[in-house]
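As structure tokens, the structure follows; a few thoughts come after it.
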Amino acid sequence: EMCIRDRPETVLIYETNQSGNWSDGNIWTPYIGGGPRGAAVKINENHTVVIDENYISVGLTDLEGVLNAENTFGNRLGIMEGTGLLTTKSGELPAGYYVNFFSNTGGTIEYKGETDYDILNNIASVNNLIISGIGLRRFPNLDLFILGDFRIAGDDETLQFINEYSRKINLHGGFDFAEGSFSAGTGETAIVEFCGSSLQNITGDFIGNNAFNHFTIANSSGLELVGDIEINGNLTFTNGIIYSTTDNTITLNNTDENTVIGCNSTSFVNGPLFKRMLSGGNFEFPIGDNNRLGKIKISNVSMTGTDIWMAQYFSNNPAIDGFDPLSFNTPLEAISTYEYWTVKAPVATNTAKIELRWDSQSAMPTDDVNRTNLRIAEWQDNSGLAWNEVDENNVIIGTTASGTITSTVFSGFNKFAEGNHFGLASKYQPKCFYWDGSESTVWNNAANWNLNLVPTALDTCLLYTSPSPRD
């Protein structure tokens, strides 16, 4: 690193007028035979300059285009500035003061070529990073902060990015995996953390041997998947939502029931989540939709060996997706029109118990009087499509605002191609109450209502008669 810290103001600046080799004086304005030495240079946007000599030394480099260092050595670029691209075919960058260039408003480093080498020697923070070419690119023995985007774009599958020392990568931008292989490392320290301040993206398939080890999201703006990813270690939610779809999936390969850490109302998977499970195991899926947490738990799964289950939560009227809440069989009297869940097992012969949660938006009779009427309903084709009771003997725990209902019987699965559909239901049908105030002005006095019952929060209340309720 050079000792220069401040941009020189009186040094002559040479800037490019076209692409070419550094030593070609014709590409510089003003012309300089053999290329600039001991001066300041500016490589303009849309120009590519190839360093074709060793021991070049300048006081400042303003890089707005592309500078290819190739395999040269002994070069000094002085104070590095700009938003352009610096490429090298070896693990060593030209000497220089890179603080501005490596900042979050700086440029991009690309490690390319056809040989094996170590990258980012003693460099703990860069803006944008590209790994390309073929061969091995070995990550250094230090945690790295990538303030912009990270892209792996090999010429073919023989490019290998290896986190050799299993260190942490803190990524503020997008992660793009186009071609090659990604070795995430092993153990507790091999973590990729998405910690940006705007919506981040993962593009490409991080699956199989290219799967993540430990994975953390710490971005309140969220993370969007544009490809399939697998996580072999833990999934940690510090803050933020992961957006998946049926074509851009997230799979947790760790069979541990506690592989997810930190799920809450602002931290979950929005979309389908796949989880590898053991026979007899349990797992609470940290899923939600439309900024609403909708966890579902499957327990005591019955299957052979290990295999992958899927769950997804929908914070909308099931009628929108073809599951009419007005179509149900006795003893059910009401189906929630505000949510439902889908669960898919590895094969149709697998079974499990189901646990659903309710919240203040579920709009079901969860008050102290009617809570015992709650049921889990399943959309089935039993002499016609309708919602049916899963179990009449449930474990119900909670308050009016929130709680869980757990079936005591095992459900079979894959009734439909996309899986089974579950919803909250009740044996209590919301009613229409008329206030007559015949006895007092006390709301909770059943004698003051036409049905001789006290209405719940779900019932319709019509107050035509005076005096109106005051107590």
Side-chain angles (χ1 to χ4, degrees), residues 104 125 127-129 143-151 167-177 182 184-185 188-207 211-254 256-275 283-297 310-316 339 341 357 359 361 402:
N104 61 359
S125 179
N127 188 29
N128 302 311
L129 176 63
D143 295 343
L144 177 67
F145 288 84
I146 302 177
L147 307 180
D149 298 328
F150 184 18
R151 176 174 171 80
R167 300 304 295 258
K168 183 179 182 182
I169 301 173
N170 303 274
L171 182 56
H172 290 245
F175 199 167
D176 183 4
F177 184 27
F182 169 73
E188 294 304 312
T189 59
I191 304 167
V192 177
E193 177 171 317
F194 290 83
C195 49
S197 56
S198 58
L199 179 67
Q200 293 177 261
N201 294 278
I202 298 178
T203 303
D205 295 333
F206 291 82
I207 59 176
F212 292 99
N213 186 46
H214 295 307
F215 188 104
T216 298
I217 175 171
N219 182 351
S220 60
S221 296
L223 173 66
E224 183 177 29
L225 304 184
V226 189
D228 299 326
I229 72 168
E230 295 178 0
I231 301 170
N232 293 333
N234 294 331
L235 168 59
T236 299
F237 289 96
T238 300
N239 192 19
I241 296 171
I242 300 174
Y243 296 93
S244 66
T245 68
T246 54
D247 296 320
N248 304 285
T249 63
I250 174 172
T251 300
L252 307 181
N253 287 327
N254 189 345
D256 191 332
E257 298 173 11
N258 301 309
T259 190
V260 175
I261 302 168
C263 169
N264 57 51
S265 61
T266 60
S267 302
F268 52 81
V269 175
N270 189 120
L273 173 61
F274 295 79
K275 173 68 166 69
F283 185 68
E284 185 174 60
F285 285 78
I287 52 179
D289 181 37
N290 196 25
N291 295 313
R292 184 182 177 195
L293 182 63
K295 294 188 291 186
I296 183 173
K297 183 176 182 178
M310 184 281 296
Q312 185 170 2
Y313 171 71
F314 300 87
S315 179
N316 57 258
E339 61 193 343
W341 291 259
R357 71 93 191 92
D359 62 15
Q361 301 178 55
S402 64

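We're numbering straight along the sequence, starting at 1. As the structure is a computational prediction, the values presented were derived from the model and not from experiment.
Applying the side chain to side chain contact (heavy atoms under 4.5 Å, CB included) criterion to T245, with sequence neighbours excluded, gives D247, N248. Annotation: side chain to side chain contact (heavy atoms under 4.5 Å, CB included) contacts of S125 (sequence neighbours excluded): F145, L147. For T236, the side chain to side chain donor-acceptor pair (under 3.5 Å) test picks out no residue, with sequence neighbours left out. With sequence neighbours excluded, the residues forming a salt bridge (Lys or Arg N to Asp or Glu O under 4.0 Å) with K168 are E193, listed by chain and number. Partners of F206 according to the ring pair (Phe, Tyr, Trp, His ring centres under 6.0 Å) rule, which considers only residues two or more places apart in sequence or in another chain, are F175, F177, F182, F212. Every side chain to side chain donor-acceptor pair (under 3.5 Å) that S315 has, sequence neighbours left out, goes to R292. Under the rule for a salt bridge (Lys or Arg N to Asp or Glu O under 4.0 Å), D205 has no partner lying at least two apart in sequence or in another chain. Looking at residues two or more places apart in sequence or on another chain, you find no side chain to side chain donor-acceptor pair (under 3.5 Å) involving N290. By the side chain to side chain donor-acceptor pair (under 3.5 Å) test, N264 pairs with T266, S267, sequence neighbours left out. Checked against salt bridge (Lys or Arg N to Asp or Glu O under 4.0 Å), R357 has the following partners two or more places apart in sequence or in another chain: E339, D359. Every side chain to side chain contact (heavy atoms under 4.5 Å, CB included) that L293 has, sequence neighbours left out, goes to C263, F268, K295. With sequence neighbours left out, E230 forms a salt bridge (Lys or Arg N to Asp or Glu O under 4.0 Å) with no residue at all.
Atom-to-atom distance recorded for T259:OG1 and F283:CZ is 7.0 Å, nearest 0.5 angstrom. Here I229 contributes atom CD1 and L235 contributes atom CG; the two are 8.0 Å apart, rounded to the nearest 0.5 Å. One finds the CZ atom of R167 at 4.5 Å from the CG atom of D143 (value rounded to the nearest 0.5 Å). To the nearest 0.5 angstrom, F314 atom CZ is 8.5 Å from I287 atom CD1. To the nearest 0.5 Å, atom CD of residue Q312 and atom CG of residue N270 are 8.0 Å apart. We find the CG-CZ distance between N234 and F215 to be 12.5 Å, quoted to the nearest 0.5 Å.
In this structure, the side chains of T249 and L225 stay at 4.5 Å or more apart for every pair of heavy atoms. For the pair I242/F194, no side-chain contact is recorded, criterion being any heavy-atom separation below 4.5 Å from C-beta on. Within the 4.5 Å cutoff, the side chain of L273 has heavy atoms near those of the L252 side chain.
Listed for the N170 side chain is a donor-acceptor partner under 3.5 Å among the backbone atoms of L144. Between the D149 side chain and the G174 main chain, a donor and an acceptor come within less than 3.5 Å of each other.
Nearest heavy-atom pair across S221 and S197 is OG-O, 2.8 Å. Shown here for A184 and A190, the closest heavy-atom pair between the two residues is O-CB, 3.5 Å. C195 and Q200 get closest at one heavy-atom pair: N-OE1, 3.4 Å. Here the closest non-hydrogen pair linking N254 and K275 is O-NZ, 2.7 Å. S220 and N239 get closest at one heavy-atom pair: CB-ND2, 3.2 Å. Taking all atoms of both residues into account, the shortest heavy-atom contact from S244 to V269 is OG-CG1, 3.6 Å.
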Item checked: Steps toward side chain to side chain contact (heavy atoms under 4.5 Å, CB included) verdict (N291, I241) -> CA-CA 8 Å; N291 295 313; I241 296 171; 3.7 Å; yes
Next item on the list: Go through the steps for N316 and D289 under the test side chain to side chain contact (heavy atoms under 4.5 Å, CB included), then give the verdict.
Entry: CA-CA 9 Å; N316 57 258; D289 181 37; 4.2 Å; yes
Next item on the list: Using the side chain to side chain contact (heavy atoms under 4.5 Å, CB included) rule, take T238 and T216 through it: C-alpha gap first, then chi angles, then the decisive distance, then the call.
Entry: CA-CA 7 Å; T238 300; T216 298; 3.7 Å; yes
